[in-house]
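I have placed the structure first, in the form of structure tokens, so that the comments after it can refer back to it.
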Number of protein chains: 2
Amino acid sequence: MRDVTALSGPNGARSLHPVMEGRRPVPEGGSRAERKERTRQALLDVTLRLIAQRSLAGISLREVAREAGIVPTAFYRHFESMDVLGVELVDESMRPLRQMIRDARRGRAGHGDIIKGTVSILGEHVRSHRAQFQFLTRERYGGVASVRRAIDTELRLFTSELTVDLARLTAANDWSAEDLEMTADLMVSTMLATVMALLEVDGRRGEDEQQILVRAERQLRLIALGMGAWRSAGSRPEAARRVRAVGRPLRPAT
Amino acid sequence: MRDVTALSGPNGARSLHPVMEGRRPVPEGGSRAERKERTRQALLDVTLRLIAQRSLAGISLREVAREAGIVPTAFYRHFESMDVLGVELVDESMRPLRQMIRDARRGRAGHGDIIKGTVSILGEHVRSHRAQFQFLTRERYGGVASVRRAIDTELRLFTSELTVDLARLTAANDWSAEDLEMTADLMVSTMLATVMALLEVDGRRGEDEQQILVRAERQLRLIALGMGAWRSAGSRPEAARRVRAVGRPLRPAT
DNA sequence: CATTTGAGTGAACGTCTGTACACTCAAAGC
DNA sequence: GCTTTGAGTGTACAGACGTTCACTCAAATG
């Protein structure tokens, strides 16, 4: 935030190169409602872009407005404050994540290996929706309380959906709801850790993307193996066998 | 003679109102070095206290100085900037965490159950060093790049230490270094997720502390079971048996 | 004892912030 | 066609920010 100030000296802000500075003052045309929506989207997009370098708390209303090509006061026509914009951004950023879950569930990659497919889809989505994932992980434990809450709520929903999926895969009634939820939580947090690692991969050499994904795949497979062993030492062998199938095909490290 | 220092400037500026504000201006007494160290510590403490509500990026140098009872300019006698203070704070906050690892390793709780003991120690430390853990988790993916780096480095060290421990527990040469690191990473991220959940427990009813710790224990046990099964389906059964012992005693959900 | 040192002071600076207010003027509604 | 609406404008202000500078004055030094 500090080094940015070096750009805007006490010049007139007039004599800049006419073609330089690609500041688009919101594309024109369309009905009133369309134009408003476009400006609103521009504000969200700009914030998402800026979050790549600083956290939401470090981004000012004025800067967002400036980058979106409107005057600071016009910001209020769309959002009450930056905090409210942040909460809205959670919803928007969650959309690709929800799509990801849907993709993973239908087994789009469809190689018959659920884990491999899921991890591969995760990698693709993080690559193509980098900014959204960055926003979510950065602000999950960040400074703005309302935004943190919103993310937390969505993530809980995510976990409970996965719990349902797991229940289906484990023959439903052999595992307690508590154990299912515990396992789903472990998987979600493993995937989140993977997302965070992926996002830090450039700028931090040493681990490359593929390596992280391979590790995530093995971690999930380890968990699946654990599921197979969880109850197998006693109670219902046929359910345990079913769970174990999730972990297959297992191909340990060379 | 322009070095006439006898300027009749508007010095005055003797003592202000004796009872200005209830701000403690750094406890007095001791040598110069001691007083300096105390002020320095006050700056760190104040920042740690303020981080409970906002992120580091949202805390100003002036506010920290004010709360520590010194004038803004005096801040520079101790730190070049808030960013540098942040990096220093990482080091300081890591100390309790390092102590925790040492405790866990020696099995201070000493019930013979490594997992139970570790989780219990984790819970205790989070309770008694709340602010430090909050700082670390909040800033791990936060806005200040240098702080993020510092935390990342320390956490990597943590993981590699755990890798060594795992190597010892798994008979050293049956598992590849890569697999050991993968597993250690999974365990660390599980524990970090637990820390984060613990920190959000109050202010967010529904899950209480004990519940989170029980879940973490089960998650780690699930992982340990996974380790037992990882290689057992083929290669070196006696090593697998050894690993499996880590997971015991296993007492699945009621 | 006289001298040097350096943590803390206080005023001042230029800049950026969020927000208030009165305004413009094209599209929407009647 | 006349009126209403509302997204975007421009000016203005008070407060907070980081940083500068010349300073004080007790402790450390010798």
Side-chain angles (χ1 to χ4, degrees), chain A residues 1-14 23-43 50 54 56-85, chain B residues 2-17 20-21 23-43 50 54 56-86 144:
Chain A
M1 182 151 64
R2 292 184 257 296
D3 21 334
V4 179
T5 62
L7 300 173
S8 60
N11 61 354
R14 243 306 176 212
R23 204 61 72 241
R24 59 259 96 155
V26 184
E28 51 198 286
S31 75
R32 188 121 110 181
E34 283 171 343
R35 289 186 57 107
K36 171 159 186 178
E37 179 53 31
R38 231 176 291 138
T39 305
R40 189 190 131 95
Q41 199 55 50
L43 290 170
L50 291 175
R54 338 205 247 319
L56 193 67
I59 299 173
S60 73
L61 180 155
R62 283 182 106 102
E63 187 174 11
V64 171
R66 198 184 311 130
E67 292 286 309
I70 60 171
V71 101
T73 40
F75 178 95
Y76 295 103
R77 299 283 180 197
H78 305 275
F79 304 100
E80 200 182 45
S81 66
M82 276 298 289
D83 289 15
V84 173
L85 180 147
Chain B
R2 41 187 61 111
D3 60 325
V4 179
T5 53
L7 51 97
S8 60
N11 56 355
R14 199 57 195 94
S15 60
L16 294 171
H17 299 88
M20 282 289 275
E21 280 289 332
R23 208 55 75 236
R24 57 256 97 143
V26 183
E28 50 200 289
S31 73
R32 188 120 112 181
E34 282 170 344
R35 289 185 58 108
K36 171 159 186 178
E37 178 53 30
R38 230 176 292 138
T39 306
R40 190 191 131 93
Q41 199 55 50
L43 291 169
L50 292 175
R54 335 205 248 321
L56 193 67
I59 299 172
S60 72
L61 181 155
R62 283 182 106 103
E63 187 173 11
V64 171
R66 197 184 311 130
E67 291 288 308
I70 60 171
V71 102
T73 37
F75 178 95
Y76 295 103
R77 299 282 180 198
H78 305 274
F79 304 101
E80 200 181 45
S81 68
M82 276 298 289
D83 289 15
V84 172
L85 181 147
V144 184

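Letters go in sequence order (proteins before strands), and every chain restarts at 1. The shown structure was predicted, so the numbers you read here are calculated from the model rather than taken from an experiment.
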Just so I know, are the side chains of [X] and [Y] near enough to count as touching, which here means a heavy-atom distance under 4.5 Å?
X	Y	answer
R38(B)	Q41(B)	no
R62(A)	F75(A)	no
K36(A)	H78(A)	yes

Nearest whole angstrom, please: distance from the [atom2] of [N] to the [atom1] of [X].
X	N	atom1	atom2	result
R54(B)	dC17(D)	CZ	C1'	14 Å
R35(B)	dG8(C)	CZ	C1'	9 Å
L43(B)	dG8(C)	CG	P	8 Å
E37(B)	dG8(C)	CD	P	11 Å
R66(B)	dG18(D)	CZ	C1'	13 Å
F75(B)	dT19(D)	CZ	C1'	12 Å
E34(B)	dA26(D)	CD	P	19 Å
H78(A)	dA7(D)	NE2	P	7 Å

**OP:** Sugar-phosphate means primed atoms, P, OP1 and OP2; the rest is base. With that split, encode nucleotides 18-30 of chain C 5' to 3' as B, S or - using protein heavy atoms under 4.0 Å.
**Re:** BBBB----BBS--
**OP:** Specify the closest pair of heavy atoms between L43(B) and A68(B), including all atoms of both residues, with the distance to one decimal.
**Re:**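 What the structure gives for the nearest pair is CD2-CB, 3.7 Å.
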Subject >> Where P72(B) and L61(B) come nearest, the two heavy atoms and their spacing >> reply: O-CD2, 3.8 Å
Original post:
When rounded to the nearest 0.5 angstrom, what distance separates CE in M82(B) from CG in L56(B)?
Top reply: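 Interatomic distance, M82(B) CE to L56(B) CG, rounded to 0.5 Å: 5.0 Å.
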